[in-house]
Every structure is written in C-alpha cells, then in structure tokens.
Protein chains: 2
Amino acid sequence: MKKEILRKCENDRDDCPVKDVLNRVGDKWSMLTVIMLSDHGTLRFNELHGLIDGISQRMLTVTLKTLEADGLLERKMYPQIPPKVEYTLTTLGESLVPPLMTLYDWANAHMPAIKAARERYGRVTLAAS
Amino acid sequence: MKKEILRKCENDRDDCPVKDVLNRVGDKWSMLTVIMLSDHGTLRFNELHGLIDGISQRMLTVTLKTLEADGLLERKMYPQIPPKVEYTLTTLGESLVPPLMTLYDWANAHMPAIKAARERYGRVTLAAS
DNA sequence: CTGGATCCTAAGGGATACTG
DNA sequence: CAGTATCCCTTAGGATCCAG
C-alpha cells in the first residue's frame, strides 16, 4: 500500500497530467508515430504513411498536427514543387520514448499471460452455460 | 537511430502487443482503476466508484470486467445480502504499475513543456490571421 | 450494494475525391 | 507530394431504470 500515487490528481477534471498524457498515449496512432520517428529519425509524410501500417491519410495528418502542437515533433516544410515536408522528434518527443519502451517491454513480457487469462476467462463463462 | 524498436510489429493487425496494451492503457478508465487499486489495495465496487472521479456506474462495471478478463485484477464475491464484492490487483496487475509510473513521472515532468508548446502553437496560428 | 439492460449522443476514424 | 474537405459509419461512453 504505497498510497499517494495519484496525490491530488484524483479529483481534477482537466489539469490532471495522467489523464492528459494517457489520453494521448492511448489514441490509435500517436505513439506508433512517435516510435516510428524514433526508429528512423527524420521522415517525410509519405514515408510515415508507408511505415505506419493501416493509418489513413486523414488520421496521419491529424496525428502529426496534434503531436506538433504538443511540441513532441517538429515540422520542417520546404516550399518547393512538389512539396516536401519532414518530421522529426523534438527533444521533448525523444524523452517520451524511454517511458514508452518500458511499457512496450512490459507488453511483450506479459502478453502471453494476458492472452492466457483471456482464454481462461472465455472458457469459464462458456463452461457456465 | 536505434532502429528495430518495433521489430516485426509494424505490420501486424491484431497480435501486436503494443497496439493491444496501448489500447488498454489508453482507454479512459482502466489505468486510473489500476492505479487506485495499487494505491489502496483491496476495494469494493462503491469505494472505487467514489475514488475514481467522474466514472459512471456502467463504465466502472465494464472496466472492471475487462481488467478481470485480462487477468489484471481479481474479483472476490461474497454471496450475501446486500452483496459485497472486492477487487484486488493480481501479481500481473501489480507488475503493470511500475511501467505506468515511469509514464506518470514523465507526464508530471514534462507537462509544463507540453502546455507551453500548446500555447505557443495556438498563438502562432493566431498571429497568422 | 452490485450490477444488468437500454437508449442515445458525441467523438473517433475510414473512404474517397479534390487542390496548390 | 502533402495535404484539405466531405461523407458516413462505428464505437465509447453517459444517463437512466430495473433487479437480485
């Protein structure tokens, strides 16, 4: 019982950093985008589109804008034709990667246990019928 | 350029542990619930309802079921009237807390920078008009 | 007290077509 | 190439009422 993990955060509606960040971490494409940029360094729009499997053009645009607004990545635009835009993680963005990796490692390490639990759970409810 | 963070995970649709776990981490109430249970140990339904500010009865039920199905918490029911049900993190659930805390710490540490970035971003687009 | 069952809306997000 | 603009469907999730 360590207590106090969530100090005064519990009752905050808006300015709870946990909710806020978890919100961003949780959305479908943001963290995948961050990881891709961390893996490959600087990437252009279409390179990201190719790397992040399944993302739509629209969502890539939205995701990139949000991450840029949060200061996690930098957008460098070359005013030429055809256009060329490069995205790179900022220092702030890079700093997110290690915490993300601990989560990633946890996921890899415990996924078997979770899958097993899910099947067990499924069989239980099934057996009851 | 560390490469290979996302090894062969990029193109997987379903069995990508990152997507799967991030999906759970990202939903509105799961991690808050886990943290509450980590903070307080064993809790009853209504205690959780009181602690997690703003959660609806329905979502608490859904969240608890999902977490139970994933093997992250254990549900102990006392067949009495009125009913009494206790929820406790499993070992697996407890193991999620440290990775979660690194994320929480990151959030606390960098929230000012993110807020600043958001305001800067807002002012930029404003200045353009 | 601990939920289950419904209803309903707001947001997330895909597909497609168009543009500088 | 790098988006923007629409349309539309699906899902998350709140409110409410009911039940053992």
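Chain letters run A, B, ... following the sequence lines, proteins first, then strands; residues in each count from 1. Owing to the predicted nature of the structure, the values given are computational and were not obtained by experimental measurement.
- B/Asp27 places a side-chain N or O within donor-acceptor distance of the main-chain N or O of B/Trp29, the cut-off being under 3.5 Å.
- Listed in residue order, the members of residues 61-82 of chain B having a heavy atom less than 4.0 Å from DNA chain C are B/Thr61, B/Lys65, B/Arg75, B/Pro82.
- The CG-P distance, from A/Leu43 to D/dG3, rounds to 13 Å in whole Å.
- For the pair A/Pro83 and A/Met77, the minimum side-chain heavy-atom distance is 4.5 Å or more.
- Ion pair A/Asp20/B/Arg118 flagged as a salt bridge, since at least one NZ, NE, NH1 or NH2 atom sits closer than 4.0 Å to an Asp/Glu carboxylate oxygen.
- Summary of the strand contacts: A/Ser56 and B/Lys84 both lie near DNA chain C, and taking for each the nucleotide with the nearest heavy atom, the more 5' one is attributed to B/Lys84.
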Let me see the working for B/Glu74 and B/Tyr87 under side chain to side chain contact (heavy atoms under 4.5 Å, CB included), right down to the final yes or no.
CA-CA 6 Å; B/Glu74 194 183 0; B/Tyr87 295 92; over 6 Å; no
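- A donor-acceptor pair shorter than 3.5 Å cannot be found between the side chains of A/Thr33 and A/Thr63.
- Residues satisfying the side-chain hydrogen bond (donor to acceptor under 3.5 Å, both in side chains) criterion with A/Arg58, sequence neighbours excluded, are absent altogether.
- For the pair A/Ser38/A/Leu89, a side-chain contact is recorded, criterion being any heavy-atom separation below 4.5 Å from C-beta on.
- Overall bending of the helix from C/dC1-D/dG20 to C/dG20-D/dC1, expressed as the angle between end axes built from five pairs apiece, is 40° (10° steps).
- In this structure, the nucleotide among D/dG20, D/dG3, D/dC17 sitting nearest to the side chain of B/Pro83 is D/dG20.
- Side-chain contact check for B/Lys84 versus B/Phe45: every heavy-atom pair is 4.5 Å or farther apart.
- No side-chain heavy atom of A/Glu86 sits less than 4.5 Å from a side-chain heavy atom of A/Leu43.
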Go through it in stages, so that I can follow the logic: the residues are A/Ser30 and A/Val25, the test is side chain to side chain contact (heavy atoms under 4.5 Å, CB included), and I'd like the CA-CA distance, side-chain angles, deciding distance and then a yes or no.
CA-CA 7 Å; A/Ser30 286; A/Val25 168; over 6 Å; no
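- For D/dG3, one of the phosphate oxygens OP1 or OP2 lies less than 4.0 angstrom from a side-chain nitrogen or oxygen of A/Tyr87.
- Taking atom NE2 on A/His49 and atom C1' on D/dG3, their separation rounds to 11 Å, with Å as the unit.
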Start with the C-alpha distance between B/Val21 and A/Trp106, add both sets of side-chain angles, then the distance that settles side chain to side chain contact (heavy atoms under 4.5 Å, CB included), and finish with yes or no.
CA-CA 9 Å; B/Val21 169; A/Trp106 184 91; 4.2 Å; yes
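- If you take CZ of A/Arg44 and C1' of D/dG3, they are 13 Å apart, rounded to a whole angstrom.
- Listed by chain and number, the residues in a side-chain hydrogen bond (donor to acceptor under 3.5 Å, both in side chains) with B/Ser56 amount to none (sequence neighbours excluded).
- Taking the 5' to 3' direction, DNA chain C first and last meets chain B under 4.0 angstrom from a heavy atom at C/dC1 to C/dT6.
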Pairs: protein N or O with nucleotides 8-12 of chain D N or O, under 3.5 Å:
none

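- For the side chain to side chain contact (heavy atoms under 4.5 Å, CB included) with B/Arg75, the qualifying choice from B/Val85, B/Leu67, B/Leu64 is B/Val85, the only one to do so.
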